[in-house]
Structure formats: C-alpha cells, structure tokens
Amino acid sequence: MALGYNTITFNPDKCDGCGDCMRACSQAKAGTDDPVHSRIQILANETPSTGEQQSPIEMAMCRQCGDPKCVSNCPAAALSKDLSSGTIDWDSSKCVNCLLCTVGCAFGGITYNVEVGHVTKCDTCDGNPACVKVCPHGALEYNTSGSVYTRIGDKEDLFVPGLSACQGCNSELLIRHTLRNVGSNVVVATPPGCIPGMGTVGYNGKTGTKVPVFHPLLTNTASMLAGIKKQYNRVGRDVTMLALAGDGGVGDVGFQSLSGAAERNEQQLFMCVDNEGYMNTGMQSSGSTPAGSWTSTTPVGKEMQGKRTDAKNMARIMMMHNCEYVATASLSFMDDYYDKLDKALAASKRGFAYLHVYAPCPTGWRFPAAETIEVCRKQVESNFVTLWEFTPDQGLQFTRSVDKPAPLADYLKQIGKYRHLNQDQIDHLQRRVDNQVKSLKAFEQTSAVS
Amino acid sequence: MQHSKYLIIGSSHAALEAVAAIRMQDPDGSLTLITRDKHLPYSPTVLPYVVSGRSQPDNINLKDQAYFDLHAIEFIPGRKVEKIEPENHCVILDNGQQWQYDKLLLATGASPLIPPISGLDQTEFLVLRTLEDAIALRQASSQAKKAIVLGAGLVGMHGAENLAEAGLDVTVVEMQTQVLPGYFDPQAAGLIESAFSQHGVTMKMGHRAVRIEQQDNGCQVELENGETLEADLLLVSTGVKPVTDYCAGSGIETDQGILVDDHMATNQTDIWAAGDVTQAGDFYSNAQVVTGILPDAVEQGRIAGMAMSEDPCLKSYNGGIPINTYTFYGQQAISVGVSDLSTGTLADCSEVELSVDTDNGFFQKIIFKDNQLQGISGINAALDPGIMWQLILRRIDLADDKADFVAKPLETGRRLMSRTWR
C-alpha cells in the first residue's frame, strides 16, 4: 500500500524573512539562537536584484524525499527513510562523517554543521515542528494531507468505478473520500443534480454506490432523511444519514425542507457540493452563482454582463440556524476537510450537521480539467472561499488564516465564466469578498468574547 | 538451469540502486543478486572507517535479509561470474551453475590496481577494497610499527591517517607531485599534505618506487632516487581497475571498463552495466571515462534499473563529473567538477576565483566558463556539494549572480537552487 506522509510546506509569498523559524529550530535542536544550528534556512535576498520586482525569499531544508539520494549515497547505512513517519533518520552511531550524503542533496537539506562536527537535517521534530509553530505569517505550515491517504488507503471505496462525471470534476474525489470515511452504515440521499447525474444512483436498476442510496425530490431531501432516521431510531439501529446535494438542492429548491430540518435539529449530515449553478441541466444560474458570472441564463452581451446579483452565502445562513455543526471545506485542503468530516459525522449523531464543500466546475466555469484543485486552492488563497467551522458552543472559528490573501483578480482570471469582467465588476467582487471576511471576523470575535 | 527476469551481478551502490529502481516499476518480476563478496551488501567507501574502528564490521550493511525478503529478491553471496553467453541470455558461475536472464546488470565494481613494481609480487602487502581487507589492515595496524603507503589517492590518504592515528610511523609514497590528483589543484593538495606532515606522516611526493623486497620482518622499498625505506606494513593503494575478466569472449565491449551508452546499456542486447565497472560518458567532453565514485555509481545504477524495467521516466545519464568529499584530521575538503585547469581541456576562456587563507587552512576555488559553474573546490569552506553538482549539470546561467556566488557560494547556491526548483 502506498503511504502518504505529513510534510512542512513553505509559501514564499507569505514570508517576510523574519527568521523566527530559524531561531525556533536552533533553540529546539541546540538550545541557542545561533542560526548555524537551524535545519531550515530562510534566504532573504540582501541585495535586491536590479529588476523591478524584489526577488522572493528562498528556503533550504530537507524535503524528506520519497526516493532520497542522501540515503542512496550513504556508504555507512547511517541514513534511512522511516516508512511510518516518512522522515529521513540519521543514526549518529553509524555516520562516518564522509559527507557523501551532502553530495546527493540538491536542496541544501542535509549539511555539515561545523559547530557540532557532523551533518544535521530536519527531523520534523517528530511531527510537531518548532518552526511551523512560531511562523507569524503562516508561511510555514505542517500539511497533514499525506497521512489522510495513509489512514483511508485500506478502507473500502464504496463508490463504483466507471462513473460519468465530467473530466476534472472534483465531486467524484469528494464522494469517494467521503464514503470511505463514513463507511457502509449509512443511507445516502442524492437529490437531482450532478451527483446522481454522474451515476451515483445508478443505471438499469443497479446503484452506483455499495451503500443504500436514493433519489429524493429537490424539495424534500432533508425531510425524507429525517423520516428514515426516525424509523431507524425507532427500531434501535444507529445509521448515518447523509445528503449529497448540489447548491440548487440546498439553497434554492431544497431550502425550505433543509431549513426546517436544521431548525428541528434532525440527526443528519447534509453536504452541499457547491458548483455555483445548475450545471447538469445546462449551466443555469442559481442562488449560489456569484455576481458577474456567465451562465446560460445570465449571458454576456449587449444587455447583460453576466449575473447582476450577488450569491447568497449558504454556509453562513446555515450557521444562523445554530446547527450542531456547520463548516466550509475545500478539496485543496484535504486535511482540513477530513477534520471537519469527522466532526460533522460526530455532530450528526446529536443533531443537524452541515458541510459546505466548494466544487469548481471545469465544464460550466470553463477552465482546463487538470486545474480543478489549483482553482480550489486559489479560491481559498484569495478569500473568495473562507475555511471556517461553527458550533453553538464555540461559535465561528477560521480553520485557515484569512490574513494576507492573494488578489481576487488572480483567482478570477483563470476562469472562463469571468473572462468578460470589467474593472468595476472585479472591484465589486473584491469588495464583496472583503466585506464577507470582515463580517465573518466579527462573528469570530463575538465567539471569542462569549 | 536457474532463471531470473532481472539478474544483477554485484551488490554495492550501483546494484542496490538498480534494484530499488526496478522494484519501483516492477514489484513482482523475479530478481536475483549474485555477488562475489561473502557478506551482506556494504560499501567499499566505509572500509577506511572499519580500519579506524569507527565502524563495526557487523554494522555497515546497506541492506539486510529482511529487505530482500520484503521485495522478493534472491541474494546469492560468495559466487563469482565466470562467463557470459549473451546469445543464450546465460551467465555461468564459478560453481558451474547456469543462470538464464531476461535482463542482466553488471555491477561488479573494481579491484585494486597492483602496479608493476619489481619485487612487489614476491612481497607481502595489504590492499583495501573488501571487508576482509579492512579487517586484515586493522589487525596489521595493531601489530606493526612502521608503514609505507604506496599511492596518495583517497584510499591511501585514509589508510595513512588511520595508521598514523593507530600510532604507526607512516610514510606515503606518491608518484605524482601532489596528493589526491584529479580532485584538487596543487595548492589545495599542498594544504592537505601539510596537515599530514604536521601529524607526523612523512609525505614523499613525486617519488616512484622502483623495487620492493620482502624482508624478515617486513619489506624494503627502493625509490627512483636511490633512497630506501623500510616498513613492517605495506599498503598498496595505487588506484583501482574495473573487474571485467568475465567479459572475455562474451562480445561485451570493454576498454578500461565496460563501455556503456547514456542509458547504461552495453553493446550486447539486454545487458547493462553500472558503477565502478563502467566506462561511461564524461560531462565535459565526448570521452568515455572511468570515474569510480560513489554518487556516480548511484546515478548509473538508477538509470540502468529504470532502463531494465522500462520505466517511462527514464532519463539519459548526464555524464560523469569528478566529485569528492574528503574528511581528514577533522577538516573537510570538497571538490565538485573541474579543480585544476592545467590538466584539463577547459583552460581557455575559463575564469578562476581563488580565495586562500593558509593560516586558517581555508581554500576556495571556483571555476566558471561562459557564466556557468564548471567546478568548485574548497577546504574548510562551507558548501553544499549536491547543489554545486546541480548548478554544473544544469548549466545554470550565473551571469547575474556571479558576484554573490563568489562572495557566498553556500547561501547563493541555496538561493539559486530554491529558485530553480520553484
């Protein structure tokens, strides 16, 4: 079985070269501030190049390679890859100080430390890296997505192969991951939309899942699940109720039964897979379609320049229902998604849980199929999508910093449905994003006080 | 007759790297390692540390039986290849056993080159290439008083230091005028040489041994100038030569080593060669060279393994570059690429940036050509050799960064590489 590992990630755009990480590393490894002991080297450019742009900050540290050349080059078997943690371990009792490992490393990740008289390298502080903890700008992160894959790799994929999702659609990825983690003790409801359209509910009398799945109306998904749950409860069986609905089935046509179930705190996990429109029926606009978007019902021409009104923020609306658990998630941040899925599942045993997952649509939004995850990432990095969670006790908390976002224009320009936008429209969307963040932050502060 | 889809002769770095590459692509195909050595795989490079006692003979294995079991690899130590019959896809071992292969890798390494010095064949001497050699040398060093080391290459220099540290009176005799030729220029070599002199090792550079005689308690070495030296321990470390004797009559093309193309393929179908046994492309010229260095063996083993298992990511060999990291008396010497313009073909239009502080034992020499790094060597200079190697191999344009690079090769190199990866 393939193993995925946790890893330290570095985003040079967020780094200002403060050096806190190096001091933290030196402290952790040698008890001093002397950067010679730091196994992460931030290389701030002291002499900015003559060009207009300041050179970005560079970084040297061990990548914990999957196929490590330092290990191959070691004649003394002093280096080895730990297959459970993924780190490359150095054994002082075997090392002969020949420095051949440093010949193998093209990253400056294993280097001779003249003060201690042998090579040193990052060991990720046994999965709790000191550098990441002190980074004041979020430039360093400890990404745990890798271990997600290891954790679920052995679980059964409960979604059948050969489904007919569009190329590049991340819903298939989402459903396969979700069902693996939810397990087989579940009843799945998929109201009309792309998810049943791609074959979840099956063809010719056979389902597309290996668990019970049904196809409610757009209008009654939440109430049907509520009824099924009550029947299971009555017969004494603890079965998970899971809705996989599109944004239309959540925020437009499905809203009244959803709102009612949330208000009654029915025990179910309602998941919105938001592709910002009715994509399977011909890319019509929905209540989740952002202003300015081209859709087949909000065309671009003489009269119209895409959708005239803003999208409603469904996750926030659900938060106002004071559900057991509400969260937003993006598939470019799988560790965050898994964390929330676990919490949402647990909450659905007590009452209503709502997960809003963003699903950029290569077909309907017009961007290359290979770039879905990158689009997901840019949504988050620009704050167009914010990652947060809510519980009645804790209130709203961001799970990823919304400080220092990338310009929204960087996100918009890679997507065909926004190609016609003029500067006013871009400015409008940027204001909208800024206001949303401001308002969510106000909720976060309220949570902190109460 | 036995059969193995992949048959690999040898068990050190090139062979093991090929095994890893094959298993990445083909987890199940039968794979057999046959080696003339009697032990679990180890590296010849670790042997000087076995001599010094820093490494224990039972603690130097690069792989163990559990690894072979895990990856379904049959490991057969203590067997030599006698003959190869490419037309039959067959290898014949020294016990007469025949092995049929689909793909064959020759990674038989090198063995000590014994110079044609009169009387040497009648004299007891030691070499250092196998674990047995290392154990014998360690044992001998504990009993002897006076040692002569013939040859001031890496093995000789490590050997001399170990013997001197063990309390012996050591003399190093080298035909060339400097230590470690090919890796360091005469000035840098001088610094290394003087460290040895300061530690009481007698360094006789530019001296040729012309006659060696066995005596009751050791040997006598006569030099070209008539001087005679006596010792009770003689270490011959005048270089190595690829082990290719079994290629005779097979049609496999050899020169100094087995000739290979840039995918490590020999001239015979389904036979590859990698590591110290090969004579492969040079990075700087069109020549075919024997490099005999560990990082190159790893590189070649990887390429051969990928070629044998038809890995679609196979890339061509970049060509060999001399690389050396050498620690002596607690000091570090590093050399990547060209180090001495007087002996190479790069003398024209090359730029040299030299920085030396003899009092502090610091040396740094950087050679550029057309704004590309050609070589860098240093003593007690902080460098990332792996990054320097990449800067040379990728022919990275340093026009805008040259001043920074000369001033701070460590930081600038890291910055350049980080930028390149991004």
Side-chain angles (χ1 to χ4, degrees), chain A residues 10-13 35-36 40-47 49-51 55-61 63 66-81 83 91-115 117-119, chain B residues 12-13 16-17 20-21 24 41-49 52 54-56 59-64 293-295 298-299 301-302 323-327 330 332 334 336 380 382-390 400-401 403-404 408 410-422:
Chain A
F10 174 64
N11 183 346
D13 297 336
V36 75
I40 177 169
Q41 293 290 328
I42 298 294
L43 304 152
N45 209 340
E46 293 148 25
T47 50
S49 60
T50 45
S55 309
I57 286 169
E58 305 291 351
M59 192 264 301
M61 79 180 299
R63 305 309 208 247
D67 187 15
K69 246 188 199 172
C70 57
V71 174
S72 293
N73 274 6
C74 178
L79 289 165
S80 56
K81 177 130 181 123
L83 290 180
D91 181 345
S92 64
S93 73
K94 288 185 171 180
C95 178
V96 296
N97 260 359
C98 69
L99 307 187
L100 280 164
C101 51
T102 68
V103 175
C105 183
F107 305 99
I110 183 162
T111 59
Y112 183 72
N113 179 341
V114 69
E115 299 282 321
H118 57 74
V119 291
Chain B
S12 196
H13 291 283
L16 296 175
E17 194 67 14
M24 201 86 85
Y42 62 87
S43 172
T45 306
V46 82
L47 297 176
Y49 306 96
S52 73
R54 179 166 185 154
S55 299
Q56 300 307 311
N59 205 22
I60 57 170
N61 299 327
L62 297 175
K63 300 289 177 206
D64 56 15
I293 61 169
L294 193 161
V298 169
E299 202 67 27
R302 162 107 343 196
I323 298 176
N324 187 357
T325 58
Y326 172 53
T327 309
Q332 285 74 44
I334 291 170
V336 185
N380 297 319
L383 296 173
D384 292 314
I387 286 178
M388 300 302 145
W389 194 11
Q390 290 295 322
D400 295 336
D401 304 284
D404 286 347
K408 289 183 164 184
L410 180 81
E411 289 82 357
T412 313
R414 285 175 182 173
R415 188 175 298 130
L416 283 165
M417 228 41 236
S418 169
R419 194 193 298 165
T420 302
W421 296 129
R422 195 138 47 71

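The chains referred to below are lettered A, B, ... by the order of the sequence lines, with proteins before strands, and numbering in each begins at 1.
- Contacts between B/Ser55 and chain A at a heavy-atom distance below 4.5 Å involve the side chain alone, from C-beta outward.
- Contact count versus chain B (heavy atoms, under 4.5 Å) is highest, among A/Pro12, A/Ala78, A/Ala106, A/Gly104, for A/Ala106.
- With sequence neighbours excluded, the residues satisfying side-chain hydrogen bond (donor to acceptor under 3.5 Å, both in side chains) with B/Gln390 are B/Arg394.
- In this structure the side chain of A/Arg63 reaches within 4.5 angstrom of the side chain of B/Trp421, judged on heavy atoms.
- Between B/Thr45 and A/Pro75, the shortest heavy-atom distance links the atoms CB-CB, 3.6 Å.
- Of the atoms belonging to A/Cys70, not a single heavy atom falls under 4.5 Å from chain B.
- Listed by chain and number, the residues in a salt bridge (charged side-chain N to carboxylate O under 4.0 Å, His left out) with A/Asp13 amount to none (sequence neighbours excluded).
- Heavy atoms closer than 4.5 Å to chain B are found in the backbone of A/Cys95, but not in its side chain.
- Ranked by heavy-atom pairs under 4.5 Å with chain A, the first of B/Arg414, B/Glu411, B/Met388, B/Met24 is B/Arg414.
- Applying the salt bridge (charged side-chain N to carboxylate O under 4.0 Å, His left out) criterion to B/Arg302, with sequence neighbours excluded, gives A/Asp67, B/Glu17.
- In terms of modelled atom types and a separation under 3.5 Å, the side chain of B/Ser418 and the main chain of A/Met59 share a donor-acceptor contact.
- Ranked by heavy-atom pairs under 4.5 Å with chain A, the first of B/Ile60, B/Asn59, B/Asp384, B/Thr327 is B/Asn59.
- Among the residues in residues 108-115 of chain A, those with a non-hydrogen atom closer than 4.5 angstrom to a non-hydrogen atom of chain B are A/Gly108, A/Thr111, A/Tyr112.
- If you measure heavy-atom distances from A/Cys105 to chain B, the contacts under 4.5 Å come from the backbone alone.
- Considering every non-hydrogen atom in both B/Pro295 and A/Val103, the closest pair reads CG-CG1, 3.7 Å.
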